[in-house]
Amino acid sequence: MMSLSLLVGSLLLSTPVSEDLPPLDRESEAVHLDFTATAWFPRLIGTYSFGPDGTDLDVETDTDLHDSELSFSGVLDIRFDVWTIRVLGSDFDTSGNGLLDESARVSGVQLAAGSDWSSSYGQWSIATEVDLALWRPFADEPFPWSEPGTNASNRNAESDYLLDLRLSGTAGIRYTHVSQSFRSIAAGVDTDVNAGWTAFMFGFMIEVDVDTRPIIPWLQRVEIDAGATISPVIAGGSGYLSGIEANLRAWFTEHTALVFGFQLQGTAATSGEYERTGSVMGLLGGLSIQF
């Protein structure tokens with residue numbers, strides 16, 4: 001796929017955009033809606049602590065909360081021209097129990113090595129963002145402020161783009177909620193935390209869309225996207241949230257695609273005397289439908 005992109009890209013770069021031709025009817029720039037639902041298989045990574053001077057407990061080495069769990073992740077996109085309005089949501093839960101390998105302070109109580117423990121962790125997140133394609137080198141108008149023109153060489157049988165590359169800026173807002181419990185019956189510790197962080201979101205995304213029918217007739221097109229965000233917390237505590245995603249969409253029909261990818265949701269934030277540093281991260285697979 002990448003060799004096709006490079007070949008088409010070099011061809012299109014050598015052909016300047018003409019401002020004398022009438023504009024082409026680019027279906028991909030019309031208003032459309034994409035819905036993606038995926039099965040996500042993330043693991044909990046990092047540390048957490050409860051109470052004043054609480055010990056940072058590692059979810060893998062100190063408490064066994066590191067198993068991969070079947071979870072849900074979904075995205076709804078509304079796209080038109082250079083704009084994308086996106087709503088994202090996900091849900092994750094895990095739990096575990098065992099004996100502490102080392103002593104730890106939890107909710108003001110000093111637990112000795114060998115103390116029993118049980119813990120559950122749940123996290124759900126929802127975000128709304130707006131993406132603006134700032135640079136599209138193979139499009140009719142490479143920049144949002146470019147003069148109208150037509151890249152006549154970059155067209156398929158339906159007059160849409162053979163190759164479209166977008167570098168977009170992202171801005172939005174994210175809310176992440178974490179609920180966690182920690183219990184040690186022998187030591188008399190029983191604590192529950194509900195933390196919710198609201199954060200402004202800033203980032204970027206790179207998207208490549210290739211019409212693959214010239215070399216793979218049964219495959220309509222392939223989309224590859226990757227992006228990252230950083231989100232300073234503005235309510236519910238302090239710190240920041242972060243995100244990384246990368247996806248491959250194979251459109252087997254005009255309106256249906258298989259999706260394979262990776263998603264990471266990072267948290268480095270405090271809420272009262274609870275602190276969470278780490279991420280929920282893993283592979284995903286599912287289906288995209290375009291309307």
Side-chain angles (χ1 to χ4, degrees), residues 1-13 24-40 73-90 127 129-142 151 154-170 172 203-229 243-264 283-291:
M1 298 303 176
M2 295 306 296
S3 61
L4 174 63
S5 300
L6 293 173
L7 176 62
V8 176
S10 62
L11 174 63
L12 298 179
L13 282 173
L24 295 174
D25 183 15
R26 307 291 196 179
E27 179 63 27
S28 61
E29 294 181 342
V31 178
H32 63 270
L33 184 148
D34 292 352
F35 175 67
T36 301
T38 60
W40 186 29
S73 180
V75 182
L76 178 66
D77 288 343
I78 302 173
R79 308 194 70 166
F80 51 97
D81 197 14
V82 296
W83 295 94
T84 302
I85 300 173
R86 179 172 290 123
V87 180
L88 311 93
S90 64
E129 66 181 58
V130 177
D131 298 346
L132 172 61
L134 298 172
W135 184 48
R136 300 175 65 192
F138 310 123
D140 296 335
E141 299 176 27
N151 189 344
N154 188 9
R155 62 188 299 175
N156 58 21
E158 294 79 24
S159 294
D160 211 341
Y161 293 113
L162 275 171
L163 172 65
D164 191 16
L165 184 152
R166 295 178 178 230
L167 176 60
S168 300
T170 296
F204 70 92
M205 178 170 287
I206 299 174
E207 302 170 85
V208 179
D209 190 336
V210 183
D211 186 337
T212 52
R213 289 174 298 176
I215 60 170
I216 311 176
W218 49 268
L219 184 62
Q220 294 282 316
R221 67 186 196 277
V222 168
E223 290 182 29
I224 301 171
D225 64 73
T229 59
I244 296 174
E245 61 176 292
N247 299 290
L248 168 67
R249 288 177 175 83
W251 292 88
F252 290 94
T253 74
E254 185 178 354
H255 301 292
T256 308
L258 292 179
V259 182
F260 303 95
F262 170 84
Q263 181 174 237
L264 177 150
L283 300 176
L284 54 82
L287 193 69
S288 283
I289 300 175
Q290 187 174 98
F291 301 93

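Just the heavy atoms: all of them, side chains too, but no hydrogens, waters or symmetry mates, feed the values below.
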task: Salt-bridge test for R86 and D77: reply yes if a basic N is under 4.0 Å from a carboxylate O, no otherwise.
output: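 Between D77 and R86 there is a salt bridge, with a charged N closer than 4.0 Å to a carboxylate O.
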field: D34/R79 salt bridge by N-O under 4.0 Å criterion
entry: no
Minimum heavy-atom separation for [X] and [Y], please, with both atom names.
X: N247; Y: G261; answer: OD1-CA, 3.7 Å
X: N156; Y: D211; answer: ND2-OD2, 3.0 Å
X: D131; Y: M205; answer: OD2-SD, 4.4 Å
X: L287; Y: V259; answer: C-CG2, 4.0 Å
X: F80; Y: V31; answer: CB-CG2, 3.7 Å
X: E223; Y: W251; answer: OE2-NE1, 3.0 Å

Straight-line distance of [X] [atom1] to [Y] [atom2], nearest 0.5 Å:
X: N151; Y: Y161; atom1: CG; atom2: OH; answer: 7.5 Å
X: T256; Y: Q290; atom1: OG1; atom2: CD; answer: 9.5 Å
X: T229; Y: E129; atom1: OG1; atom2: CD; answer: 7.5 Å
X: H32; Y: I78; atom1: NE2; atom2: CD1; answer: 10.5 Å
X: Q220; Y: T253; atom1: CD; atom2: OG1; answer: 7.0 Å

field: Verdict with supporting geometry, D160 and S28, side chain to side chain contact (heavy atoms under 4.5 Å, CB included)
entry: CA-CA 7 Å; D160 211 341; S28 61; 2.9 Å; yes
- prompt: Does anything in residues 244-258 pair up under salt bridge (Lys or Arg N to Asp or Glu O under 4.0 Å), and if so which pairs, sequence neighbours excluded?
  reply: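 Qualifying pairs, neighbours excluded: D225-R249.
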task: Could you go through the side chain to side chain contact (heavy atoms under 4.5 Å, CB included) check for F204 and T170 one step at a time?
output: CA-CA 5 Å; F204 70 92; T170 296; 5.7 Å; no
- prompt: Is a side-chain donor or acceptor of T38 paired with a backbone partner of S73 at a separation under 3.5 angstrom?
  reply: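 Confirmed, T38 side chain pairs with S73 backbone.
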query: D81: what forms a side chain to side chain contact (heavy atoms under 4.5 Å, CB included) with it, not counting sequence neighbours?
result: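 Result, side chain to side chain contact (heavy atoms under 4.5 Å, CB included) vs D81: E29, R136.
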message: Which residues pass the side chain to side chain contact (heavy atoms under 4.5 Å, CB included) test with A37, not counting sequence neighbours?
response: F35, F72
field: Evaluation steps, side chain to side chain contact (heavy atoms under 4.5 Å, CB included), between R213 and R221
entry: CA-CA 7 Å; R213 289 174 298 176; R221 67 186 196 277; over 6 Å; no
message: Show, in sequence, the C-alpha distance, side-chain angles and deciding distance for L163 and V208, and conclude whether the side chain to side chain contact (heavy atoms under 4.5 Å, CB included) test is met.
response: CA-CA 7 Å; L163 172 65; V208 179; 3.9 Å; yes
- prompt: Are any non-hydrogen side-chain atoms of F262 and L284 less than 4.5 angstrom apart?
  reply: no
